[in-house]
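Shown next, in structure tokens, is the structure this report addresses.
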Amino acid sequence: MFDFSALYEAYSVREAVALRQEHPEAKIIAGGSDQLVKLRDGKLAGCELISIYTIDELRGVSLGEDGTLRIGALTSFTDVSENELIERLVPVLGYAAGQVGGPQVRNIGTIGGNVSNGVTSADTGATLLAWDAVMELAGPEGTRKVPAAQWYIRAGQVDIRPGEILTAVTIPKGAYEGYSGWYMKYAMRNAMDIATLGCSVNVRLTADKAAFQDVRIAYSVAGPVPMRAENAEAAGRGQPVSPETIERVAQAVGEDVHPRTSWRAKAEFRGYLAQELLRRCLTQSAKQAGGVLHGV
């Protein structure tokens with residue numbers, strides 16, 4: 001039984017923004033893989049809903065003239081994971097999208113919904129942080145762009161202002177060109193389970209493939225929201241591609257992550273996972289980028 005008081009349907013971005021202004025307390029619904037669960041559980045009893053599911057202009061993946069990769073907010077996880085542009089330019093994002101739920105959830109759930117609900121366990125959340133993604137919103141005052149690093153405010157809250165809707169997730173050319181990445185998710189089951197911890201890493205090596213020119217590291221479930229590991233990143237930049245560097249970076253991540261204890265795992269175990277997943281992701285990212293790690 002779904003207990004809601006009204007359902008409004010938008011057929012364009014302009015209509016969606018207008019409905020958001022007219023009904024500021026209404027909840028946005030697209031695929032419904034999150035909101036319908038909350039409705040069924042009574043957490044949104046009596047709420048108003050604004051459906052944006054029929055706005056086809058918010059679907060699809062495209063490449064701009066400046067090289068910016070643009071992913072419409074209503075693009076399903078399945079379409080993200082199978083898209084040729086994503087496979088060629090940011091394959092780790094497609095892999096992360098393919099880790100969400102099961103086939104039914106991936107077919108109906110959207111990348112926009114995954115990053116808008118503000119939960120720390122979102123599979124694409126950490127990966128988009130590691131790609132320096134930028135969120136694109138439409139609102140009463142036009143288009144606004146928010147870097148992923150500024151998107152998450154607190155658990156369950158992101159930077160969507162009154163009257164706004166998320167229209168796209170973009171990744172600038174400079175954020176992916178020359179980078180290679182890897183994503184790993186630890187969960188109690190191999191499928192259809194929320195991450196106990198997730199780690200996403202991107203690296204760019206020097207021209208001779210001997211050192212890390214840049215390192216970007218992001219986590220899910222290592223804090224109240226998806227987060228970057230800035231101290232660990234700094235520990236790797238400019239350092240040789242070697243097992244010693246990878247271990248130094250893994251040790252430094254303890255300064256960044258502050259996991260909590262929950263029924264899924266104790267904080268101490270999540271801290272261990274943060275280091276171990278980072279070792280594996282950084283190693284694989286370096287290999288993907290053409291680096292050679294002797295003895296690994």
Side-chain angles (χ1 to χ4, degrees), residues 10-17 20 28 30-31 52-98 100 106 109-116 122-152 158-161 163-183 200-205 213-214 216 218 226 228 285 288-289:
Y11 294 93
S12 68
V13 171
R14 179 178 294 183
E15 285 186 9
V17 170
R20 285 273 287 151
I28 295 289
I52 61 172
Y53 190 73
T54 57
I55 307 178
D56 286 338
E57 64 186 282
L58 298 184
R59 288 186 172 84
V61 182
S62 60
L63 194 64
E65 292 183 2
D66 63 352
T68 296
L69 184 67
R70 188 177 190 277
I71 308 167
L74 293 188
T75 307
S76 71
F77 297 117
T78 296
D79 287 341
V80 170
S81 65
E82 297 178 355
N83 183 267
E84 183 273 333
L85 283 172
I86 289 176
E87 175 61 29
R88 175 161 56 90
L89 301 176
V90 288
V92 67
L93 177 59
Y95 175 78
V100 177
R106 292 194 292 272
T110 64
I111 191 168
N114 201 224
V115 298
S116 293
D123 286 297
T124 60
T127 304
L128 290 170
L129 268 176
W131 282 115
D132 280 345
V134 178
M135 309 301 173
E136 178 189 285
L137 301 106
E141 299 178 2
T143 300
R144 187 169 67 94
K145 296 185 177 182
V146 181
Q150 302 170 19
W151 177 246
Y152 294 96
V158 297
D159 188 13
I160 297 181
R161 297 175 183 174
E164 289 184 334
I165 66 165
L166 179 68
T167 53
V169 176
T170 67
I171 303 176
K173 183 178 182 180
Y176 66 76
E177 190 173 51
Y179 284 84
S180 296
W182 202 261
Y183 172 74
S200 192
V201 173
N202 290 323
V203 304
R204 182 170 60 196
L205 303 186
Q213 182 177 338
D214 192 19
R216 299 196 300 242
R228 287 280 287 268
S285 295
Q288 290 281 105

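We're numbering straight along the sequence, starting at 1.
- Residues Ala30 and Ile52 share a closest heavy-atom pair of CB-CG1, 4.1 Å.
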### Task
Test Thr75 against Asn83 for side-chain contact (heavy atoms from CB on, under 4.5 Å), laying out the working first.
CA-CA 10 Å; Thr75 307; Asn83 183 267; over 6 Å; no
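- Ala218 and Ala126 get closest at one heavy-atom pair: CB-O, 3.1 Å.
- Under the 4.5 Å side-chain criterion, counting only non-hydrogen atoms from C-beta, Thr127 is not in contact with Tyr95.
- Across all their heavy atoms, Thr68 and Pro172 have their closest contact at OG1-CA, 4.0 Å.
- How far OH of Tyr176 is from CZ of Arg204: 13.0 Å, rounded to the nearest 0.5 Å.
- At least one side-chain heavy atom of Trp151 sits under 4.5 Å from a side-chain heavy atom of Leu166.
- Within the 4.5 Å cutoff, the side chain of Lys173 has no heavy atoms near those of the Asp66 side chain.
- Side chain of Arg106 to backbone of Val100: a donor-acceptor contact under 3.5 angstrom is found.
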### Task
Starting from the C-alpha separation in whole Å, work towards a yes-or-no answer on side-chain contact (heavy atoms from CB on, under 4.5 Å) for Ile28 and Ser116.
CA-CA 10 Å; Ile28 295 289; Ser116 293; over 6 Å; no
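- With values rounded to the nearest 0.5 angstrom, Asp79 atom CG is found 9.0 Å from Ile86 atom CD1.
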### Query
Would Leu128 and Ile111 count as a side-chain contact (heavy atoms from CB on, under 4.5 Å) if you check the C-alpha gap in whole Å, the side-chain angles of each, and the deciding distance to 0.1 Å?
CA-CA 10 Å; Leu128 290 170; Ile111 191 168; 4.2 Å; yes
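- Considering every non-hydrogen atom in both Ile55 and Ser12, the closest pair reads CD1-O, 3.4 Å.
- Interatomic distance, Asn202 CG to Ser180 OG, rounded to the nearest 0.5 Å: 8.0 Å.
- Taking every heavy atom of both residues into account, Met135 and Ala148 meet most closely at CE-CB, 4.2 Å.
- For CD of Glu141, the number of neighbouring non-hydrogen atoms (other residues, nucleotides, ligands) closer than 6.0 Å is 12 at most.
- With hydrogens and angles ignored, the 3.5 Å screen pairs no side-chain donor or acceptor of Arg228 with any backbone N or O of Ala149.
- Here the shortest heavy-atom pairing between Arg161 and Arg20 reads O-NH2, 3.4 Å.
- Thr167 OG1 to Leu137 CG: the interatomic distance, rounded to the nearest 0.5 Å, is 6.0 Å.
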### Task
Check the pair Phe77 / Thr124 against side-chain contact (heavy atoms from CB on, under 4.5 Å), numbers first and verdict last.
CA-CA 9 Å; Phe77 297 117; Thr124 60; 4.2 Å; yes
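- With values rounded to the nearest 0.5 angstrom, Leu93 atom CG is found 8.0 Å from Leu69 atom CG.
- A 4.5 Å side-chain heavy-atom check between Arg144 and Asp159 finds at least one atom pair inside the cut-off.
- Side-chain atoms of Val115 and Val158, non-hydrogen and from C-beta on, never get closer than 4.5 Å to each other.
- Rounding to the nearest 0.5 Å gives a distance of 8.5 Å between OH of Tyr53 and CG of Leu74.
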